[in-house]
Every structure is written in C-alpha cells, then in structure tokens.
Amino acid sequence: MAEADIALSLSEVPIGAVVVFEGEIIGRGHNLRETSNDPTTHAEMVAIRQAAEKIGHWRLLETTLYVTLEPCVMCMGAIILARIPHLVYACRDPRAGAVGSIYDFAQDERFNHKVEVTEGVLGEECSQMLSGFFKELRAGKKSKKTL
C-alpha cells in the first residue's frame, strides 16, 4: 500500500507492488504510466524488473509478488515468464483482471508455469483507495467541462 500511496502522490492510478524473497523486499514498484509515458510501467512490471536486477537473474524462483490490484494480461504474462510461484493481490479488477475476473492465466493448463494465488489481502482498503481516486478523477473532469 505504501507503493500505491507513492503512485497516488504522482497522480497515477494508486497501484503498488513488491517482490519478496526470503522475507526481504527485492523489488518495489508503483504505477508510472502517466509519469513515464510508457504503457508497460505498471507497478508489477517495475517491481519484477527491479527484483531481477537485484538477484541478477530473470527467474524469480521462490519469490512472492504482492500487488494491490489483480494483475492484467501483460503483468500476468511477466509473472509467468519470470517463474514467480506465488501471487498475493488485494482486490479484483473486473475490467482487466487476468487472475479470474476476465481470464485466469494463473491456472491455465496451456502455460508451463502455474502461479499459486492468494486473493483479498487488504482488499477493502485497496478497493477504497482505487474507488476514491477514480471518483476524484471523474469529479475533476466534470468541473473542467463546466468551466
């Protein structure tokens, strides 16, 4: 949630992620799409890149990825390709989620890697943070139209 707070302070969608190995955070990330003008800078992607750099290998075996929102198709692809064995996410993304909401890449038998998933950790808090962000965003757009 601390990473999501950083994203929020940058006027980014408040999503944060960390990769943990043997009890230590080896990768941190928050959304940076607006800041970087890069559609691939989702919180998960940033955290995965940092973790791989820290351990010096693309295989993130024996790690857990924690994220505040259900990963999208791109991020689940990266999770699978990085061989991350465990994903913990807070709340579902009914519009773009790839861990059960729209698709379920975590358990798709066609992939050579399965991801164990834990859903709902801090779910209410993360859901409220996201809802509040989008409510303010919509209110800001309405007030600009009025002017």
Side-chain angles (χ1 to χ4, degrees), residues 1-108 111 113-142 144:
M1 292 227 17
E3 289 296 321
D5 283 333
I6 295 169
L8 186 60
S9 74
L10 298 170
S11 299
E12 295 275 356
V13 177
I15 301 171
V18 294
V19 178
V20 175
F21 175 69
E22 295 181 347
E24 177 189 348
I25 295 174
I26 61 169
R28 296 175 183 273
H30 49 272
N31 268 14
L32 289 169
R33 290 187 316 170
E34 300 298 328
T35 305
S36 67
N37 286 318
D38 181 347
T40 69
T41 54
H42 288 197
E44 301 94 313
M45 300 296 283
V46 174
I48 289 167
R49 284 184 191 117
Q50 192 178 95
E53 186 175 319
K54 176 147 184 157
I55 66 168
H57 203 282
W58 64 268
R59 284 188 188 92
L60 298 177
L61 304 172
E62 300 177 31
T63 63
T64 300
L65 173 66
Y66 295 86
V67 63
T68 57
L69 183 67
E70 176 182 6
C72 69
V73 170
M74 174 182 67
C75 293
M76 274 310 295
I79 291 164
I80 290 165
L81 291 172
R83 309 298 194 269
I84 295 173
H86 191 201
L87 166 67
V88 177
Y89 73 90
C91 55
R92 286 198 169 224
D93 184 350
R95 294 178 183 223
V99 192
S101 289
I102 295 178
Y103 303 103
D104 191 356
F105 283 13
Q107 297 305 311
D108 192 315
F111 293 118
H113 176 69
K114 304 293 176 281
V115 180
E116 179 186 339
V117 177
T118 303
E119 175 187 351
V121 176
L122 297 175
E124 188 60 35
E125 296 88 338
C126 292
S127 182
Q128 286 177 2
M129 180 185 274
L130 285 160
S131 295
F133 172 80
F134 286 112
K135 185 177 181 180
E136 283 188 31
L137 190 64
R138 286 188 299 274
K141 285 182 180 177
K142 283 182 185 176
K144 284 182 181 178

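This is a predicted model, so every value here is computed, not measured.
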Fill in: Evaluation steps, side chain to side chain contact (heavy atoms under 4.5 Å, CB included), between Arg49 and Glu53
CA-CA 6 Å; Arg49 284 184 191 117; Glu53 186 175 319; over 6 Å; no

Worksheet entry | Worked check of side chain to side chain contact (heavy atoms under 4.5 Å, CB included) between Glu119 and Leu87 | CA-CA 8 Å; Glu119 175 187 351; Leu87 166 67; over 6 Å; no

Discussion item. Evaluate Phe134 against Val13 for side chain to side chain contact (heavy atoms under 4.5 Å, CB included), listing each step before the verdict.
Written reply: CA-CA 8 Å; Phe134 286 112; Val13 177; 3.9 Å; yes

Fill in: side chain to side chain contact (heavy atoms under 4.5 Å, CB included) between Ile55 and Leu60, intermediate numbers included
CA-CA 8 Å; Ile55 66 168; Leu60 298 177; 3.4 Å; yes

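Side-chain contact check for Val88 versus Val67: every heavy-atom pair is 4.5 Å or farther apart. The shortest side-chain heavy-atom distance between Ile79 and Phe105 does not fall under the 4.5 Å cut-off. Taking the side chain as every heavy atom from C-beta outward, Thr41 and Asn31 never approach each other to under 4.5 Å. You'll find the side chain of Ile26 stays beyond 4.5 Å of the side chain of Val20, heavy atoms only. Cys126 has its side chain within reach of Met1: a pair of non-hydrogen atoms, C-beta onward, lies under 4.5 Å apart. Side-chain contact between Leu32 and Asp38 is absent, with no heavy-atom pair separated by less than 4.5 Å. Side chains of Val117 and Tyr89 form a contact here, defined as non-hydrogen atoms less than 4.5 Å apart. A heavy-atom distance below 4.5 Å is found between the side chains of Met74 and Thr40.
Counting all heavy atoms, side chain and backbone alike, Cys91 lies closest to Ser127 at SG-N, 3.8 Å. In this structure, Leu8 and Pro14 approach most closely via the heavy-atom pair CB-CB, 4.0 Å. Across all non-hydrogen atoms, the minimal contact from Gln107 to Val115 is NE2-O, 2.7 Å. In terms of heavy-atom proximity, Val99 sits nearest to Ala106 at CG1-CB, 4.1 Å. The two residues Ala78 and Ile48 have their closest heavy-atom pair at CB-CD1, 4.1 Å. The shortest heavy-atom contact between Cys75 and Met45 is SG-CG, 3.9 Å.
Rounding to the nearest 0.5 Å gives a distance of 8.5 Å between CG of Leu130 and CG of Asp93. In this structure, CD on Glu44 lies 6.0 Å from SG on Cys72, to the nearest 0.5 angstrom. Remark: Ile84 CD1 to Leu65 CG distance equals 5.0 Å, nearest 0.5 Å. Residue Met129 holds its CE atom at 12.0 Å from CG of Leu69, rounded to the nearest 0.5 Å.
The ring-ring contact (aromatic ring centres under 6.0 Å, His included) analysis of residues 23-80, with sequence neighbours excluded, yields no pairs.
For Arg28, the CZ atom is loosely surrounded, since the number of other residues' heavy atoms within 6.0 Å does not exceed 12. No more than 12 heavy atoms of other residues, nucleotides or ligands shown are found within 6.0 angstrom of CD on Glu62. Phe111 CZ: more than 12 foreign heavy atoms inside a 6.0 Å radius.
In this structure, Lys54 pairs ionically with Glu24, as a charged nitrogen and a carboxylate oxygen lie closer than 4.0 Å. Note on Arg33 versus Glu12: no salt bridge recorded, every NZ/NE/NH1/NH2 to OD/OE distance being 4.0 Å or above.
Residues Thr63 and His86 bring no donor and acceptor atom of their side chains to less than 3.5 Å of each other.
Judged by distance alone, the side chain of Gln50 and the main-chain N or O of Gly29 form no donor-acceptor pair under 3.5 Å.
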